[in-house]
Amino acid sequence: MKLLEINHLKKSFDDLHVLHDISMSVEEGEVVSIIGPSGSGKSTLLRCATMLETMNGGDLIYGGQTAVKDGVYADKEQLKKVKEFYGLVFQNFNLFPHYSVIKNLTDAPIHVQKRNKAEIHKEALQLLEDVGLADKANAYPCQLSGGQQQRVAIARALAMKPQMLFFDEPTSALDPELTTEVLKILRQLAEQNMTMVIVTHEIDFARAVSDRVIFMADGYIVEQGPPEEVLDNPQNPRTQAFLRKVQR
């Protein structure tokens with residue numbers, strides 16, 4: 001089943017065309033990594049897909065539910081339904097600094113999804129255990145390392161029970177040791193068949209966990225396919241030049 005479908009997405013900021021006619025889809029259980037140079041439109045694509053940026057044209061469909069058709073957004077009720085399909089993890093964690101770790105996890109499920117408090121609390125403690133932070137439930141974000149904060153951010157996204165997760169450069173704010181911690185969690189999620197779209201500059205990680213790799217440049221999808229094709233045997237000169245540069 002297609003969980004995400006994007007057709008002919010266009011995005012401009014005034015006269016600057018950032019995304020040109022982007023079409024892609026993601027199947028249930030698939031892990032898709034998006035790579036490419038800075039300024040290629042990777043993060044903008046993610047922000048359009050998660051409705052943090054407004055598309056100028058194209059369609060956006062989640063699990064058969066249309067959010068945007070020909071650049072026109074659905075009504076509020078429909079968009080609310082669509083937003084339950086996905087979670088988003090930012091590169092800078094975006095935790096609420098004045099909330100404890102456990103409140104960061106439970107606040108939205110309680111107030112947005114109106115689910116049972118005791119059940120949510122129990123699930124949140126389990127999620128913290130899953131990401132190796134069971135002892136940090138009552139800590140505050142400022143008391144945690146960057147890697148721990150990112151793991152809390154992942155647990156917080158999972159607490160909403162999304163069908164797929166987006167990650168925008170989840171390790172770019174971390175040093176190598178902390179990066180390893182976070183990549184381990186992403187690998188575990190991939191093993192559990194979580195549908196994920198990951199914008200990343202970690203080429204080895206993309207090779208290890210992805211079912212498909214998309215290479216973007218100048219607002220276009222230049223090349224896509226299994227990691228062994230795109231990363232180990234790229235056909236497009238742009239992809240070849242980029243990989244030579246990053247793998248030096």
* To do: Go through the steps for Q240 and N236 under the test side chain to side chain donor-acceptor pair (under 3.5 Å), then give the verdict.
  => CA-CA 6 Å; Q240 292 166 355; N236 190 287; over 6 Å; no
I want to check something: taking the side chain as every heavy atom from C-beta on, are [X] and [Y] in contact at a cut-off of under 4.5 Å?
X	Y	result
F166	M196	no
I198	L165	no
L88	L52	yes
D59	V68	no
E5	K2	yes
I221	M24	yes
L19	M216	yes
L4	L60	yes

Determine whether [X] and [Y] fall in the same hydrophobic cluster, where Ile, Leu, Val, Met, Phe, Trp and Tyr are linked whenever their side-chain heavy atoms lie under 4.5 Å apart.
X	Y	value
V209	V230	no
I6	L79	yes
L158	L183	yes
V26	L46	yes
V89	V101	yes

[atom2] on [Y] to [atom1] on [X], rounded to 0.5 Å:
X	Y	atom1	atom2	answer
L9	S23	CG	OG	8.0 Å
Q224	I214	CD	CD1	4.5 Å
N193	E30	CG	CD	11.5 Å
I35	L243	CD1	CG	5.0 Å
L144	L133	CG	CG	7.0 Å
L3	Y62	CG	OH	9.5 Å

Is there a donor-acceptor pair under 3.5 Å between the side chain of [X] and the backbone N or O of [Y]?
X	Y	answer
Y86	T50	yes
T195	G29	yes
D175	E177	yes
Q113	M160	yes
Q143	Y140	yes
Y99	D107	no
N94	F90	no
K117	I110	no
Q150	P170	yes
S145	Q148	yes

What are the two closest heavy atoms between [X] and [Y], and how far apart are they?
X	Y	result
H8	D21	ND1-OD1, 2.7 Å
P141	P97	CD-O, 3.8 Å
A137	L125	CB-CD2, 4.1 Å
A217	S40	CA-CB, 3.7 Å
V182	G147	CG2-O, 3.9 Å
D130	I185	O-CD1, 4.1 Å

Is any side-chain N of the basic residue among [X] and [Y] closer than 4.0 Å to the acidic one's carboxylate O?
X	Y	value
E123	R115	yes
R238	D218	yes
K42	D168	no

* **Criterion side-chain contact (heavy atoms from CB on, under 4.5 Å) on F93 and R151, from CA distance to verdict** => CA-CA 9 Å; F93 330 130; R151 284 186 280 156; over 6 Å; no
Between [X] and [Y], is any side-chain donor less than 3.5 angstrom from a side-chain acceptor?
X	Y	value
S12	H17	yes
T239	E223	yes
Q65	Q78	yes
S210	S33	yes

* Determine, step by step, whether Q91 and S172 satisfy the side chain to side chain donor-acceptor pair (under 3.5 Å) criterion, reporting the C-alpha distance in whole Å, the side-chain angles of both residues, the deciding distance to 0.1 Å, and the verdict. => CA-CA 6 Å; Q91 61 190 83; S172 68; 3.2 Å; yes
* Asked: Is the Lys NZ or Arg CZ of K83 less than 6.0 Å from the centre of F85's six-membered ring, within 45° of the axis?
  ->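 That pair does not qualify as a cation-pi contact.
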* **Intermediate values then yes/no, side-chain contact (heavy atoms from CB on, under 4.5 Å), M164 and V197** => CA-CA 8 Å; M164 68 181 294; V197 176; 3.8 Å; yes
* Classify the ring geometry between F215 and F242 as parallel (under 30°), tilted (30 to 60°) or perpendicular (over 60°). =>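 If you compare the ring of F215 with that of F242, the planes turn out tilted.
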* Yes or no on side-chain contact (heavy atoms from CB on, under 4.5 Å) for L186 and F167, after CA distance, side-chain angles and deciding distance? -> CA-CA 10 Å; L186 295 186; F167 294 87; 3.2 Å; yes
* **From CA spacing to verdict: side-chain contact (heavy atoms from CB on, under 4.5 Å), L105, L127** => CA-CA 9 Å; L105 264 67; L127 282 168; 4.3 Å; yes
* **More than 12 heavy atoms from other groups under 6.0 Å of CD on E77** => no
